[in-house]
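To start, the structure under review is shown below, and the notes come after it.
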Amino acid sequence: MSETAVDAEEVERVAELARVDLADDEVDAFSAQFAEILEYFEALDEVPEIESDADLVNVMRPDEVEASLDQDEALANAAETEDGFFKGPRVS
Amino acid sequence: MSLNAFITEETIESDAEGPLSGKSVAVKDNISTEGVRTTCGSAMLETYVPPYDATVVDRLKDAGATIVGKANMDEFGMGGTTETSAYGAVKNPVDEARVPGGSSGGSAAAVAAGEADLALGSDTGGSVRNPAAFCGVVGIKPTYGLVSRYGLVAYANSLEQIGPIANTVEDAAALLDVISGPDPKDSTTRFDVGGEGDAEGQPTHPATDSNYAAAADGDVDGTTIGVVTDLLDGADDRVVETFEAALDDLRARGAETVEVSLDSVEHAVQAYYVIAMSEASSNLARFDGVRYGTSGGYEGNWNDAFARAREEGFGEEVKRRILLGTYALSAGYHDKYYKKAQDARAWVKRDFDDALEAADVLATPTMPVLPPRLGESLDDPLQLYLMDANTVPVNLANLPAISVPAGEVDGLPVGLQLIGPKFGEEAIVRAASAVEA
């Protein structure tokens, strides 16, 4: 028995966290699919802890002003703008 | 275009003279082109027109190439068949009743059908190699860091690379010569492999002195090819037979084959999807209908408007992955899924390093199956994810790999995948050129 059974309530909670509205039939379909997919992911429990040496280095450049998009270009794809700003819905 | 290989057909001419003068190139629609809309196969970005070029597009223009259009793709690169595009499925030019593979299906179909000489795709878990295999063309997934990702609309940053698709290994390698190299706008391309740098002490990049096209000389005499036995078990028998026949040819040309086993690949698909979905859930948060994306209007508060815009703009597979990624990263599940997936990723890397001690390159069938019929595989997402078993381990390990046509079964192409060590692009190009000879 999988400990990650996913019910419709759980799918709706995650959808809210992800800011994606779902239709009722989508909630039902996803509940069934998520149970199956997450059960498949359970196999990761068998993976041993691996010591990995991340070959990462910080890459810095001098803090100098460089050319960038101008305000018009940056706003060109916004549906609504006002006085050179993005215009969005109320925050809460 | 009866194949639906392009979302936007627009010619972008170059006034430069270079190695790609006279060549037409299709560019996957998740690679930014200044002034030409870039939809990522999504309704969310139907009207998005980037104000700048991706670095690879700059390089195509500098090399004299003519861009002939933005190639169709699975929405945001999420899919293995190019059926999740909001602009309709692409048909496989080899057999129009079948899928071209995904997610760079439009790019591969355009080349296979002669609608472009060359194409660029992006490969997050096999998205260049898979459609190359299904359409009977050549595709290269470069080592992570060889090609700039600047201007590529991100799906899963730590996994994806832009890669070339062409009719021949030499042509694909020549396109890689054009697009590879360091880019100040993408810090993952900037490091010093040897540690010493050049004469001035500046970090060097592996592509600085490379000539990938010249490596396509067909000479595999003395090359040791490791056959990854774990990835043959689940494959279609007819695919395995074609793969074995291609290996026979390579042995006849002086290559030696050895069997290698990678224990970790059994967990690679799970690890890949957990990591890719997690990164997707974060990357796709930017599509809110305010800065770009279709707007949900201004009714209600920010969260409501945002959630409605995303319900409308995203297709089913994209929603599925965003939600699963959000779940995998949520409180209580992070250690169970995401952390374990990172362990599996490190394990896969180590396994590949060990195997590449015993062999110069590794070989597998690119896809374990033949191209499915259109509509055949969409209903069961898990089955679709399992199709990626042979390609995703390479992305987890950040290694280079190429898919080259190995033969046909009932008129359908079978691809052979060759995997090389980090920045070992010459080795896989050389071995692949022997397969097509």
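A, B, ... follow the sequence lines: proteins, then strands. Residue 1 opens every chain. Remember, it's a predicted structure, so these values are computed and weren't measured experimentally.
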Value for CD (A/Glu80) from CZ (B/Arg291), rounded to nearest 0.5 Å, stands at 16.0 Å
Working to the nearest 0.5 angstrom, can you tell me the gap between A/Phe41 CZ and B/Tyr385 OH?
7.0 Å
Search all heavy atoms of B/Glu316 against all heavy atoms of A/Phe30 and return the closest pair with its distance.
O-CZ, 3.7 Å
Residues A/Gly88 and B/Trp302: closest non-hydrogen pair is CA-CZ3, 4.3 Å
Side-chain contact test, heavy atoms from C-beta onward, threshold under 4.5 Å: evaluate it for B/Leu324 versus A/Leu38 and give yes or no.
yes
Would you say the side chain of A/Leu17 lies within less than 4.5 Å of the side chain of B/Tyr327, judging by non-hydrogen atoms?
no
Under a 4.5 Å heavy-atom cut-off, does chain B meet the side chain of A/Ala43, its backbone, both or neither?
both
Please state whether the side chain, the backbone, both or neither of B/Ser330 comes within less than 4.5 Å of a heavy atom of chain A.
side chain
With a 4.5 angstrom heavy-atom cut-off, which part of B/Ser264 approaches chain A: side chain, backbone, both or neither?
neither
Side chain from CB out, backbone as N, CA, C, O: work out which of these in A/Glu16 comes under 4.5 Å of a heavy atom of chain B, or both, or neither.
neither
If we ignore hydrogens and angles and just use 3.5 Å, is the side chain of B/Arg320 paired with the main-chain N or O of A/Gln33 as donor and acceptor?
no
Heavy-atom distances under 4.5 Å only: say whether B/Leu329 touches chain A with side chain, backbone, both or neither.
neither
Straight-line distance of A/Leu44 CG to B/Asp343 CG, nearest 0.5 Å
9.5 Å
Run the side chain to side chain contact (heavy atoms under 4.5 Å, CB included) check on B/Lys336 and A/Glu42 step by step: do they pass?
CA-CA 8 Å; B/Lys336 180 176 174 58; A/Glu42 301 268 300; 3.2 Å; yes
Does the side chain of A/Pro89 reach to within under 4.5 Å of the side chain of B/Val290, using non-hydrogen atoms?
yes
Below 4.5 Å from any heavy atom of chain A, which atoms of B/Arg345 appear? Answer side chain, backbone, both or neither.
neither
If you count heavy-atom pairs under 4.5 Å between each of B/Ser281, B/Pro51, B/Pro50, B/Pro184 and chain A, which one has the most?
B/Pro51
Step through the shown structure and confirm whether more than 12 heavy atoms of other residues, nucleotides or ligands are within 6.0 Å of CG on B/Asp263.
yes
Answer yes or no: is there a side-chain heavy-atom contact under 4.5 Å between A/Glu36 and B/Pro381?
no
Atom of B/Glu311, atom of A/Leu22 and distance for their closest heavy-atom approach:
OE2-C, 3.9 Å
Which of A/Ile50, A/Leu69, A/Val11 touches chain B most, by non-hydrogen pairs under 4.5 Å:
A/Ile50
Are side-chain N/O atoms of B/Asn303 and A/Arg19 paired as donor and acceptor at under 3.5 Å?
yes
Using modelled atom types only, decide if a donor and an acceptor are shared between the side chain of A/Asn77 and the backbone of B/Val49 within a distance under 3.5 Å.
yes
Taking the basic N atoms (NZ, or NE/NH1/NH2) and the acidic carboxylate oxygens, is any pair closer than 4.0 Å for B/Lys340 and A/Glu49?
no
Set out, in order, the CA-CA distance, both residues' side-chain angles and the distance that settles side chain to side chain contact (heavy atoms under 4.5 Å, CB included) for A/Phe34 and B/Leu323, then state yes or no.
CA-CA 9 Å; A/Phe34 286 9; B/Leu323 261 55; 3.8 Å; yes
Quick one: what part of A/Tyr40 sits under 4.5 Å from any heavy atom of chain B, side chain, backbone, both or neither?
both
When rounded to the nearest 0.5 angstrom, what is the spacing between CG in A/Asp45 and OH in B/Tyr337?
8.0 Å
